[in-house]
Amino acid sequence: MRTPGQVHDSTQSKALLSDVRDANVLGDKAYDSKDLYAFLLERGCNIVIPPKSNAKEPHEYDKEIYKERHLIECFFSKLKYFRRVFSRFDKTIISFSGFLNFSGSLIWMR
């Protein structure tokens with residue numbers, strides 16, 4: 001799924017989440033759309049996406065589960081400290097995913 005740089009990630013969210021069922025789906029306000037909401041509800045997912053500030057009919061979401069999103073954001077931030085990850089020096093997916101596993105384990109062991 002390659003998109004031009006000016007296209008928002010949310011346009012690809014259905015394709016990314018097509019195999020997800022009965023799970024908590026966390027996202028930021030940019031992913032709050034009725035279309036995505038209906039798509040996830042039909043798959044039995046618990047949607048943990050805060051409503052946009054200008055929403056006419058704001059929906060409820062679990063604020064305690066949403067706090068865990070911070071852990072994911074921090075992990076990706078720590079991964080970016082590894083130059084080899086953010087620069088994509090590895091040419092093959094096997095090499096890249098291998099280094100992701102390695103750097104993830106280094107972060108976990110700290």
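Note that the numbering runs from 1 along the sequence shown for the chain. Because only heavy atoms are used, hydrogens play no part in the values below, and waters and symmetry mates are left out as well, while side chains stay in.
The distance from atom CD1 of I47 to atom OH of Y66, rounded to the nearest 0.5 Å, is 14.5 Å. Between the CD atom of E42 and the CZ atom of R21 there is a distance of 8.0 Å, given to the nearest 0.5 Å. With rounding to the nearest 0.5 Å, the separation of SG in C45 from CG in D22 is 6.5 Å. Of the inter-residue distances, the one linking L40 atom CG with S13 atom OG reads 7.5 Å to the nearest 0.5 angstrom. Atom-to-atom distance recorded for L16:CG and T11:OG1 is 11.0 Å, nearest 0.5 angstrom.
Grouping the Ile, Leu, Val, Met, Phe, Trp and Tyr side chains by contacts below 4.5 angstrom, directly or via other members, places L41 with V20. With hydrophobic clusters built from ILVMFWY side chains whose heavy atoms lie under 4.5 angstrom apart, V85 shares a cluster with I72. No path of Ile, Leu, Val, Met, Phe, Trp and Tyr side chains, each step under 4.5 Å between heavy atoms, connects Y31 with L26, placing them in separate hydrophobic clusters.
Summarising the geometry of L36 relative to K14, their closest heavy-atom pair is CD1-CG, 4.4 Å, with the distance given to 0.1 Å. Of all heavy-atom pairs between Y37 and H59, the closest is CE1-CD2, 3.7 Å. The nearest pair of heavy atoms linking R88 to F96 is CD-CE1, 3.1 Å. Closest heavy-atom contact between I49 and V25: CG1-O, 4.1 Å. Closest of all the heavy-atom pairs between F39 and L17 is CE2-O, 4.1 Å. The minimum heavy-atom distance between S103 and L79, with the atom names listed, is OG-CD2, 3.2 Å.
Checked against P50 for a side-chain contact (heavy atoms from CB on, under 4.5 Å), the options R69, E60, K63, K29 give a single hit: K29.
Around atom CZ of F86, more than 12 heavy atoms belonging to other residues, nucleotides or ligands sit under 6.0 Å away. Counting heavy atoms of neighbouring residues, nucleotides and ligands inside a 6.0 Å radius, atom CZ of F75 exceeds 12 of them. By the neighbour-count criterion of 12 heavy atoms within 6.0 Å, atom CZ of F102 is sparsely surrounded, having that number or fewer from other residues, nucleotides or ligands. Crowding of N101 atom CG: a count of heavy atoms from other residues, nucleotides or ligands under 6.0 Å exceeding 12.
Contact check for P51 versus Y61: side-chain heavy atoms found under the 4.5 Å cut-off.
Between the side chain of D62 and the backbone N or O of E64, at least one donor-acceptor pair lies under 3.5 Å. Side-chain N or O atoms of S97 include one that pairs as donor or acceptor with a backbone N or O of I94 at under 3.5 Å.
Using bins of under 30°, 30° to 60° and over 60° for the plane-to-plane angle, the ring pair F82/F99 lands in the perpendicular bin.
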